[in-house]
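Numbers here simply count residues along the sequence, with the first being 1. As a basis for the values below, the full set of heavy atoms in this structure was taken, side chains included, without hydrogen atoms, waters or symmetry mates. As the structure lists them, so they are numbered: ligands from 1, and atoms in each ligand from 1. Owing to the predicted nature of the structure, the values given are computational and were not obtained by experimental measurement.
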Amino acid sequence: MAGHILIIDYGSQFTQLIARKTRALGYYAEILPAGLPLDGPLSQKPGALILSGGPASVDEPGAPSLDRRLLDSGLPMLGICYGMQLLARLLGGRLTREAHGEYGPAELEPTAPSPLWSPLNGSGRLRVWMSHGDRVEEAPPGFKVIGRTPDLPVAAMEDPGRKIYGLQFHPEVHHTEKGMELLQAFLADAGLKADWRMSSFAKDAVEEIRRTVGPDGKVLCGLSGGVDSTVAAALLARAVGPRLHCVFVDNGLLRQGEAEEVSRAFRTLYPELSLTVADSGEEFLSRLEGVSDPEEKRRIIGHTFIEVFTKEASKLGRADFLAQGTLYPDVIESVSPQGPSALIKSHHNVGGLPRELGFTLIEPLKYLFKDEVRELGAELGVPEELLWRHPFPGPGLAIRIIGPVDRESLALLRKADAIVREELRAFGLDRSVWQAFAVLLPVRSVGVMGDGRSYGQAVAIRAVTSVDAMTADWARLPAELLARFSTRIINEVQGVNRVLYDISSKPPSTIEWE
Ligand code: XMP
């Protein structure tokens, strides 16, 4: 995709926002973690570079830098925060380390005209958002200072000849006034065209898949019923049609009606598609018997999944490629310049498969965010009820039953969970929460039902708002809805006499309980 934006990621928590905002403006952006090989990204001929912020200090040993080929590439460049400091250091400016740094709002005063300030129409100051430890004291030769704040002599700088800009503040965050417009001004000045649409992404992705797979290649795709694998399959179906084989593993840990819903929807949508449903609940449940430890559950489920998938795949004959619905946040987490993030949970996906089976991996969604995947799905004609399903973890209900997993607990949790989802939909809130589900607790408590004593189980309800599952807050659901959950679950799910609502945010809690 020539003429796109290449964002070099120095580890800022806001890097994803840069990509999201520029795409929302109609410019395609890809993110490359600093230090990764450049040949591939450069061969795609980007039209501009954005250097992100980052937690390091430019002068500390091992701090990520910028490849000389990029610095000398002649591409228009925008350095944000760390990115600006790096440009200043590499091009001969002067930096100092601050004792305390500056975090939060600041008042930016433009000090010289610049194409970047065109959204201001000559009017006054901007409230901007800062988050930095170092500062640029003197801009490099050839640069002019175009903005300052009461604390910073060089809050924005520009080399008009080379179209290189530096901003100490973060235009990509919501709290920076006119931030989007500033990004747009840079991109317009760089001569980029705002012509990127999801439809062009779909078209390019289909062509790319066809090029990779060739005229005879066969592709295998593990369907989970979730948005990501559904949209990946829809894209592949469009690209290679009957040479795509989907395998849906029913591990016996799915939600009520899930296996039927997913296979029905797929068979209706793509009647000519080959879809195998592997009914393997027995295998999974027997291996999980008596296991309480969350990581052990995840390990067993992950291994069994690989076994079942391999067995089903081998029945289909040789396939050369394996398609996965890996999203951008999954990619970035595993290759951030800070190294892989600490292991919180071993997330289950089909990541172990390509290595074991010698497949070539196809990940057509790896530069997209969840909301973009939904947009792409709509573009491809995937029905709304599939696109708006809440994320559901690979290990399924097993990690929502605290303690050992058995058929009775699964049946009980399925009923409670179905009520939660049904009532949320009835209140019209299923799209405004990220996920809502029930968790079965290993707790019994005393109650009174009818005139008798009950000693039943407790169900917790978890509902969170989030944009990417990296952070989440508990959803402020209306009290009447919480009351509906409780009344219906206690009345309709035999064995439950107590319902709790989880009011923990992530961090420090995670979304799932295990
Ligand atoms: P946590 O619990 O880590 O979850 O806050 C973040 C998001 O990931 C989902 N999740 C998983 N998804 N395989 C998946 O595909 C997994 O093993 C897994 N574990 C958690 C979780 O539902 C939430 O959306």
Side-chain angles (χ1 to χ4, degrees), residues 16 221-233 247-251 253-255 258 262 284 288 291 293-306 309 322-334 340-353 363 365-366 368-371 373-374 387-402 405 413 417 420-421 424 430-440 460-475 502-514:
Q16 299 189 23
C221 179
L223 267 190
S224 71
V227 183
D228 312 341
S229 67
T230 301
V231 174
V247 176
F248 179 86
V249 176
D250 181 352
N251 56 11
L253 305 166
L254 303 174
R255 291 167 289 190
E258 189 151 27
V262 172
F284 281 84
L288 282 170
V291 178
D293 179 67
E295 277 299 294
E296 184 63 8
K297 284 183 189 171
R298 284 174 174 273
R299 202 186 57 75
I300 293 172
I301 295 167
H303 280 250
T304 312
F305 181 87
I306 291 178
F309 193 86
L322 178 78
Q324 273 183 207
T326 318
L327 296 198
Y328 175 69
D330 309 331
V331 176
I332 213 67
E333 238 181 281
S334 51
S341 40
L343 178 72
I344 311 294
K345 305 175 182 184
S346 333
H347 274 217
H348 156 102
N349 53 28
V350 286
L353 285 167
E363 296 174 303
L365 312 180
K366 73 175 174 196
L368 301 185
F369 300 93
K370 194 76 147 195
D371 51 348
V373 170
R374 289 196 166 116
L387 288 183
W388 285 94
R389 294 172 74 101
H390 287 171
F392 185 63
L397 298 179
I399 56 165
R400 294 179 179 171
I401 292 174
I402 313 306
V405 179
L413 182 58
D417 186 69
V420 171
R421 291 187 292 136
L424 195 72
D430 53 324
R431 290 204 186 178
S432 51
V433 307
W434 172 264
Q435 264 172 299
F437 54 87
V439 181
L440 184 62
I461 292 169
R462 179 88 165 129
V464 296
T465 52
S466 178
V467 285
D468 51 14
M470 305 293 289
T471 56
D473 198 5
W474 59 279
D502 181 349
I503 52 168
S504 338
S505 62
K506 172 184 179 176
S509 307
T510 51
I511 295 177
E512 304 289 346
W513 275 45
E514 290 195 331

### Task
With rounding to the nearest 0.5 Å, note down the distance linking CZ in Phe437 to NE2 in His390.
10.5 Å
### Query
How many angstroms lie between atom OG1 of Thr465 and atom CD of Gln435, to the nearest 0.5 angstrom?
11.5 Å
### Query
Is the closest heavy atom of Trp434 to ligand 1 under 4.0 Å?
yes
### Query
Can you list the ligand 1 atoms lying under 4.0 Å from a non-hydrogen atom of Lys506?
1 (P), 3 (O), 5 (O), 6 (C)
### Query
At what distance, to the nearest 0.5 angstrom, does CG of Leu368 lie from OG1 of Thr326?
11.5 Å
### Query
So among His303, Lys297, Glu295, which one has a side chain to side chain contact (heavy atoms under 4.5 Å, CB included) with Arg299?
His303
### Query
What atoms of ligand 1 come closer than 4.0 angstrom to any heavy atom of Thr510?
1 (P), 2 (O), 5 (O)
### Query
Under 3.5 Å, N or O to N or O, is Ile399 touching ligand 1 that way?
no
## Note on the structure
For Pro391, the ligand 1 atoms with a heavy-atom partner under 4.0 Å come out as 24 (O)
### Query
Is any side-chain N of the basic residue among Arg389 and Glu258 closer than 4.0 Å to the acidic one's carboxylate O?
yes
#### Entry: Interatomic distance, Phe284 atom CZ to Ile301 atom CD1 [nearest 0.5 angstrom]
7.5 Å
### Message
Under 4.0 Å, counting heavy atoms only: does Arg298 come that close to any atom of ligand 1?
### Response
yes
### Query
Purely on distance, is any nitrogen or oxygen of Phe392 under 3.5 Å from one on ligand 1?
no
